[in-house]
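Note on naming: letters A, B, ... go to the chains in the order of the sequence lines (proteins, then strands), and numbering restarts at 1 for each one. What you see below is based on every heavy atom in this structure, not just the backbone, and it leaves out hydrogens, waters and symmetry mates.
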Protein chains: 2
Amino acid sequence: MTGNQRDTTDDHEPGRANRAEPESGPRRRTGGRSARVREAVLKATAELIAEQGHERIPIAEIAERSGVHQTSIYRRWRTTNAIVLDLSQERLTSLWAVPDTGSLHGDLLAYAQRAAAAMAEPDGAVLLRALIAGAAEHAAAGDNAGVDAESVAAYVDAGNIPATHPLAERGRDLLDMLDRAASRGEPRLRLFDVLDGILAPIYLRTLFRIPGMDDAYLGSLVDKCLAHAAS
Amino acid sequence: MTGNQRDTTDDHEPGRANRAEPESGPRRRTGGRSARVREAVLKATAELIAEQGHERIPIAEIAERSGVHQTSIYRRWRTTNAIVLDLSQERLTSLWAVPDTGSLHGDLLAYAQRAAAAMAEPDGAVLLRALIAGAAEHAAAGDNAGVDAESVAAYVDAGNIPATHPLAERGRDLLDMLDRAASRGEPRLRLFDVLDGILAPIYLRTLFRIPGMDDAYLGSLVDKCLAHAAS
DNA sequence: AGGCTAACGCAAGTCCTCTTGCGTTAGCGC
DNA sequence: GCGCTAACGCAAGAGGACTTGCGTTAGCCT
């Protein structure tokens, strides 16, 4: 299209995982004004999503609300979806410091409750959909989140998630939790048992707007997970 | 515009649920040319999705491929997303005649295999996303798929799904299956146990492109479901 | 078979999204 | 502080999505 296939999605994590690029281009300016602009745009987008309930927000509207010029937004993100994806990664990352309650059952329940609470936010479902759309875009771009299909399968067989996968961050946190439990002598759950047994139902119910995710329900999900580990 | 605010999204189910509208407007023409046009558009859209791998297809392109004029498409569906939603409802409805293998375990496994196979189609993930987007649009439009939140909750408590819900059709089929099992003397599973335990993991892995949904995996999902019913 | 009109084809339009070039501001290294 | 230039603001402008009015075709009903 524009002939430049990398700039749009690369600015999302400005100063974190600095891959050792030998001839890295110009040095980015991540602080000060740039950071303020990013902040303002993300904040405005979150507000508009919460108000309107959907992600189809014209960039012009985000520009007006945030006080940032349209052009700047287009140059940095190019599409509304990229903004929402950026927002969702920030939100669903910082929010998810995994609890340490002392027991696996308690940890899992707290985790489930946090996940359910995040989804219950006014923009929770929208952010989840953005995450999904992000995963789909990666796939459409040709690669499977930067890793080829076979090595992804190898990861999954080993009970892990490739580092560039949208769910990777959460996978790491969960693995820590499961390791803690094992070191306490509690049964060792596999990562995908938790993903399938706890996260998947919460996500399904969120996406299809099925209510009833109270503590009793979440508790039953956790119990099922643990029952399998025992058997 | 046309002054008619219901035609766009109402043509999806031409002759099925005729709500008793007293002063129903002009009588629709659902057969012949209209049906051919609908067929051509849906077919072209499915092809383009399978080829390009995503749903961001300009209507002009669908018009060219299908031989139907842009204007006609705009008047009937208004957005690409509506077409894909239409397509997904048709596809995911006709395809899902629920098997009757003689045992609950066999039925559930066959069901899981069909679901996984449908998701493995080149356009499976896209159609699933369209279904989700459809559910979200309903929600954004103000109502919860035509039913208010409380009555939805009541349905869910009773182990059922409201009739207008995107998953309703599949829910009905599944309930039939579960009833059959109960009448054979097998344990009675609740609908949402199947949704949470089988469909949710399949959907999660589809949406996030996690591979490894082979028969062994699907079998383990079914086993877990049944283990809970026995306990 | 014939009338009525829903639905389609066609061709201009209109509106809005997105781009491009250039001047200005301000982050970062010295 | 000073220089360099990344990132922003601004104002046109190009391109594509969507609409509208009207004539034509063909379902559906009697």
Determine whether a donor-acceptor pair (N or O, by modelled atom type, separation under 3.5 Å) exists between the side chain of A:T80 and the backbone of A:I57. yes
May I have the distance from A:R78 (atom CZ) to C:dC18 (atom C1'), rounded to whole angstrom? 9 Å
How long is the line joining CD of A:Q70 and C1' of D:dG13, in whole Å? 14 Å
Separation of B:L128 CG from B:I202 CD1 (nearest 0.5 Å): 11.0 Å
Using 4.0 Å as the upper bound for N to carboxylate O, is an ion pair formed by A:E47 and A:K43? yes
Mind checking side chain to side chain donor-acceptor pair (under 3.5 Å) for A:Q113 and listing every partner two or more places apart, or none if nothing turns up? A:D215
Do the side chains of B:Y217 and A:V156 get nearer than 4.5 Å, heavy atoms only? no
A:I57 CD1 - C:dT17 C1' separation (whole Å): 16 Å
Taking atom C1' of C:dC18 as reference, at what distance in whole Å does atom CG of A:N81 sit? 16 Å
Nucleotide N/O to protein N/O under 3.5 Å, stretch nucleotides 5-8 of chain D:
unit_1 : atom_1 : unit_2 : atom_2 : d
D:dT5  : O2     : A:R29  : NH1    : 3.1
D:dT5  : O2     : A:R29  : NH2    : 2.6
D:dA6  : O4'    : A:R29  : NE     : 3.2
D:dA6  : N3     : A:R29  : NH1    : 2.6
D:dA7  : OP1    : A:R29  : N      : 3.4
D:dA7  : OP2    : A:R28  : NH1    : 2.8
D:dA7  : O3'    : A:S34  : OG     : 3.2
D:dA7  : N3     : A:R33  : NH2    : 3.4
D:dC8  : OP1    : A:R76  : NH2    : 3.1

Looking at A:E39, I'd like to know if its CD atom is crowded, meaning that more than 12 non-hydrogen atoms belonging to other residues, nucleotides or ligands lie closer than 6.0 Å. no
A:I83 has an atom CD1; how far is it from atom P of C:dC18, in whole Å? 10 Å
Separation of C:dC16 atom C1' from A:R56 atom CZ, nearest Å, is 15 Å
Please state whether the phosphate of C:dA26, meaning OP1 or OP2, lies under 4.0 angstrom from any side-chain nitrogen or oxygen of A:R36. no
Here the distance between atom P of D:dG16 and atom CD of B:E64, to the nearest Å, is 13 Å
Answer yes or no: does a side-chain N or O of B:Y74 lie under 4.0 Å from OP1 or OP2 of D:dT19? no
The answer to which of A:P58 and A:T71 contacts DNA chain C further toward the 5' end, by nearest nucleotide, is A:P58
